[in-house]
There are 2 protein chains.
Amino acid sequence: MSTTVEMKKEKTTDEQNEKYTALLETGQKLFFKFGTKRVSVEEICQKADVSKMTFYKYFKDKNDLTKIILQKIFDEAMQQYHKIMKEKISFTEKIEKIIKLKLEKSNEYGDVFLEELLETNEELKAFVQKKSLEAYNLNIDFFKKGQKEGVIRKNMKPEFFMLLIEDITEMLHNEKLKTIIPDVHERFEELLNYFFYGIANERS
Amino acid sequence: MSTTVEMKKEKTTDEQNEKYTALLETGQKLFFKFGTKRVSVEEICQKADVSKMTFYKYFKDKNDLTKIILQKIFDEAMQQYHKIMKEKISFTEKIEKIIKLKLEKSNEYGDVFLEELLETNEELKAFVQKKSLEAYNLNIDFFKKGQKEGVIRKNMKPEFFMLLIEDITEMLHNEKLKTIIPDVHERFEELLNYFFYGIANERS
DNA sequence: GCCAATTATACGATTTATGTATAAATTTAC
DNA sequence: GTAAATTTATACATAAATCGTATAATTGGC
């Protein structure tokens, strides 16, 4: 029997290391702003106030750092997603929150990061696609649950639903709409209203 | 006598050339987004759908393009400035418009462009500083005119006035203020009101 | 076909980025 | 304080990107 319990104190993982997190954070900041291609390891080190040697101690190379950042992003998003799903609110409110989450994220990351990622590295490309698929399937499940609960009409295709969510997300940043409804929140409410009920007058 | 009038049709200057403007525009777009350092001549050419050779036909090098873009920016701003000054509106309205102009510009350009410019090339640095000084002096003149017209109090220093305008510009993007007054326009009105009249109650 | 403008390609030269080795400096624990 | 561990500074060989130009091929208008 293995009663020889190893009572080592919690291994000081990289995550708790000051230099490590500095590199991760400045790396993320720069990548979001400029994309990975345009940022060098040395620049990250300089701005993180960490020497290049320590960088290569914690990360195999720039690619490795990128992957870790990506993983972190996806993990956080997933966590927030599941948190919303567990909340005791109506399905409609969940959709609202999830779209809001999506919007937050897409603002936070800037487009540059994910865009450029797909046209550079094959490994990362695969990684992102895998994760995107996971998210996609999650949303499909969500959609089906909505149908089961009777909030979404049965004759609607999941793919169409997904497309609509994408569209709403983009519409919020549409320049023409911005001039029509300048305030972000109001714009969002209008779009959401349209998304749920279309243009028809209130149903009796 | 020189009645041999040369009736050449208006020389097709570079400005009217399709390729030239394509390079200028995509160059500007990329520079604003990433700064000059992070953008290569080849990238500009690719995205402008122009060959590298044609680039070097119109521009000596990347620096040359940058200078031309900068010149264009300053010229446009100056033009708009003088246009406002000529308008038959009150001095107060002029200040309002000029601050608005300043804000528009600083949004348009993104910070990256001008920032990185100052830490790379000496020639461009000098250029920007020269132009900035011109703009500064223009604003000082404007300020003095305001004092003469009795809109700005006499005991105020021009440097302080300039600093305040800078501050207002920055405040508009202040994150905390954004949560207090989310709407841009409303935020602007509040700041402008504060700028002109302080926090005091209406004067009788 | 001719002309002008543009492009594709290739190239050497230069600059920048990468990843590692080494020794010095700093921090941490004892 | 001192020893050990961590981090840094520096230098370096290598690889990759960028630059600016030369040349020949291509395009589009007349």
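Letters A, B, ... mirror the listed sequences (proteins, then strands); counts begin at 1. Remember, predicted model here, so these are calculated numbers, not experimental data.
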When all nucleic acid strands are considered with a 4.0 Å heavy-atom cut-off, which category describes B/Lys52: base, sugar-phosphate, or nothing? base
Under 4.0 angstrom, heavy atoms only, what part of the nucleic acid is B/Asn63 near: base, sugar-phosphate, or nothing? nothing
Think [X] has a side-chain N or O under 4.0 angstrom from the OP1 or OP2 of [N]?
X       : N     : value
A/Thr54 : D/dT8 : yes
A/Lys19 : D/dT7 : no
B/Asn17 : C/dA5 : no
A/Tyr58 : D/dT6 : no
A/Lys57 : D/dT7 : yes

Ring-ring centroid check A/Phe34 A/Phe113, cutoff 6.0 Å: no
Atom-to-atom span, [atom1] of [X] to [atom2] of [N] - whole angstrom:
X       : N      : atom1 : atom2 : value
B/Phe55 : C/dA8  : CZ    : C1'   : 18 Å
B/Gln46 : C/dT7  : CD    : P     : 13 Å
B/Asp49 : D/dT27 : CG    : P     : 14 Å
A/Arg38 : D/dA16 : CZ    : C1'   : 17 Å
A/Tyr56 : D/dA9  : OH    : P     : 16 Å
A/Asp64 : C/dG19 : CG    : C1'   : 14 Å
B/Met53 : C/dC11 : CE    : C1'   : 12 Å
B/Ile44 : D/dT18 : CD1   : C1'   : 12 Å

Under 30°, 30 to 60°, or over 60°: which ring-plane class applies to B/Phe161 and B/Phe143, parallel, tilted or perpendicular? tilted
Would you call A/Met156 and A/Leu164 a side-chain contact if the rule is heavy atoms closer than 4.5 Å? yes
When A/Asp61 and B/Val50 are each assigned the nearest nucleotide of DNA chain C, the 5'-most assignment goes to B/Val50
May I ask you to decide whether A/Lys62 forms a salt bridge with A/Glu42, counting only side-chain N to carboxylate O separations under 4.0 Å? no
Between A/Glu116 and the options A/Arg38, A/Lys33, A/Lys125, the salt bridge (charged side-chain N to carboxylate O under 4.0 Å, His left out) test singles out A/Arg38
Would you mind telling me which residue lines up with the more 5' stretch of DNA chain D, B/Lys62 or A/Glu42, judged by nearest nucleotide? A/Glu42
